[in-house]
Q: 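First the structure, then my questions, so here it is.
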There are 2 protein chains.
Amino acid sequence: MPPKPSVSKLVPKVPGVPGVTGTSRRQQYSASTKRALVDVAEELFTDLGYAAASLDSIVAGARVTKGALYHHFSGKQALFEAVFERVEADASRAIQKALRGRKDPWEKALAGLQAFLAVVQEPRYRRIVIQEGPSVLGYERFREQEERSTFANVLEIVRSVLSAGTWELEEDMLQTFARIFFGAMSSAGESVSSADDPIAAAERVETAIAFILQGFQALADDGVPLPGASGEPA
Amino acid sequence: MPPKPSVSKLVPKVPGVPGVTGTSRRQQYSASTKRALVDVAEELFTDLGYAAASLDSIVAGARVTKGALYHHFSGKQALFEAVFERVEADASRAIQKALRGRKDPWEKALAGLQAFLAVVQEPRYRRIVIQEGPSVLGYERFREQEERSTFANVLEIVRSVLSAGTWELEEDMLQTFARIFFGAMSSAGESVSSADDPIAAAERVETAIAFILQGFQALADDGVPLPGASGEPA
DNA sequence: CTGGGTACGTACTCACGGTATGTGAGGACC
DNA sequence: GGTCCTCACATACCGTGAGTACGTACCCAG
């Protein structure tokens, strides 16, 4: 027996800007429902976690059915990836915004650190990227994603800081330092967000990182070469 | 209709040491099946991940039924926790073993670092603890577990190193430093295990960490106090 | 106005975690 | 060495949720 489609319950959903050229109304509707799916998915994944957020509840929240979901995404994991990428992109933008304008490497580093610590506080970033990301995407895909978003920022900062002291060091070693700092900041960020007093904890992290960087400077002043350096410190 | 129990297909499983006192044969059998369940679960969780490893496949591998599983564990998550705790405990023991005997804090730090890097290479540790741990256990429980196993080792090392230079610093700040180093080593460890040349990567990590610690020493020699220090450097 | 294709909706299957209930082998006690 | 009780499982079943097959209404081109 064919399903009874009932009366057309088409509500205009989102009208969209009328003056937009190039996209038909159909495409606008489609993009709108896709966005709605990602929006609801982000919220439910954040609140309940990946496993506990059922597709039924997601499509219900977006006021569509599974047919729509499987039209736009190949499955639950693909939907999660879309959410993941958006959260990561937002985080990356927030950090880059904090970096904009700063010229001094050390100032950049501090600003970047603060922005990163702020991002790690966001529940959606903690849940979707840090907590569920590795498990759902698998480590390989997870690393690939981070590599070209948040980690890229850290790498850039570390590069500018380490090459500031007229050091020239190998790319491998720079990557290693960036990894170390990235991990340090991630872990520190978590401890900040779960601390009783996050503000004080953030300050402690900042002073600790600053202290480490200060040590770098002291070594540079003493003429100690960076490991893997091809040039000599000033 | 009551189930037909068929013929008793009881094979002796594991005889157990006959001379063990205090435990009845029943208890020995029970403990043996429990161990078998955890063994198989560890293997399947490592190879397939938490979600993809079905309870049916686990009980089949252990040659029991779900009745046995639910007699020993309250559910899938509880089984995972048992696996998790064992992997963590093994890792912690491995690190402590590497530390045993070393007296010099710097030597201890290096040995601990090497042991940690070795542990992070193990597939089961990577998969169960790092990858699936936060997602399955939830961040709170995950942190609690790490707090009293692997992280405890790192904390001890950091404490001995930082207090070696006649520094006396606040517990909060020490925790912060330990967190930072723990995260740094975790992240570095991952990059090591996924590198093309893990041995060279491990060496880079060691030199990088050593360089950071060297910076600490340089600052100490220059009379720069550690942040949050109540005492003065020598 | 009419075909075609897109963007869904409907109804279904199957796998998997969890549960209710049965049962037979220890082991304690007399 | 019989009796009885309990523990350590086995069996059969259920609900949920991811994924799928298929149908259909609406938009746009011609």
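Below, chains carry the letters A, B, ... as their sequence lines are ordered, and counting in each starts from 1.
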Q: Does the structure place the NZ or CZ of Lys76(B) under 6.0 Å from the centre of the six-membered ring of Tyr70(B), at an angle of no more than 45° from the ring's axis?
A: no
Q: Heavy atom of residues 46-62 of chain B under 4.0 Å from DNA chain C: which residues?
A: Ala53(B), Ser54(B), Leu55(B)
Q: Go through residues 66-82 of chain B and report each residue with a non-hydrogen atom lying under 4.0 Å from DNA chain D, sorted by number.
A: Gly67(B), Ala68(B), His71(B), His72(B)
Q: Would you say the side-chain atoms of Glu88(A) and Gln145(A) include a donor-acceptor pair closer than 3.5 Å?
A: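 There is no such pair (donor and acceptor under 3.5 Å, judged by atom type) between the side chains of Glu88(A) and Gln145(A).
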Q: Separation of Gln28(B) atom CD from dG26(C) atom C1', in whole Å?
A: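 So the two atoms are 13 Å apart, to the nearest Å.
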Q: Report the distance from atom CZ of Arg63(B) to atom P of dC9(D), rounded to the nearest whole Å.
A: 13 Å
Q: Taking CD from Gln27(A) and C1' from dG5(C), how many angstroms apart are they, rounded to a whole number?
A: 13 Å
Q: Looking only at side-chain atoms of Arg26(B), point me to the closest of dT6(D), dA10(D), dG9(C).
A: dT6(D)
Q: Yes or no on side chain to side chain donor-acceptor pair (under 3.5 Å) for Gln131(B) and Ser135(A), after CA distance, side-chain angles and deciding distance?
A: CA-CA 5 Å; Gln131(B) 185 171 340; Ser135(A) 174; 6.0 Å; no
Q: For Ser30(A), report the nucleic acid contact type (base, sugar-phosphate, nothing); a contact means any heavy atom under 4.0 Å.
A: sugar-phosphate
Q: Is Arg124(A) close enough and on-axis enough to Phe45(A), meaning under 6.0 Å and within 45°, for cation-pi?
A: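 The answer is no, since Arg124(A) fails at least one limit relative to Phe45(A).
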Q: In whole angstrom, give the distance that lies between atom CZ of Arg35(A) and atom P of dA7(C).
A: 17 Å
Q: Would you confirm whether Arg102(B), through its side chain, and Ala98(B), through its main-chain N or O, come within 3.5 Å as a donor-acceptor pair?
A: yes
Q: Indicate whether any N or O donor in one side chain lies under 3.5 Å from an N or O acceptor in the other, for Tyr50(A) and Gln77(A).
A: no
Q: Would you call Lys108(B)-Glu156(B) a salt bridge at under 4.0 Å N-O?
A: yes
Q: Ring-plane angle category for Phe142(B) and Tyr139(B), please: parallel below 30°, perpendicular beyond 60°, tilted otherwise.
A: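 Because their plane-to-plane angle is over 60°, the rings of Phe142(B) and Tyr139(B) count as perpendicular.
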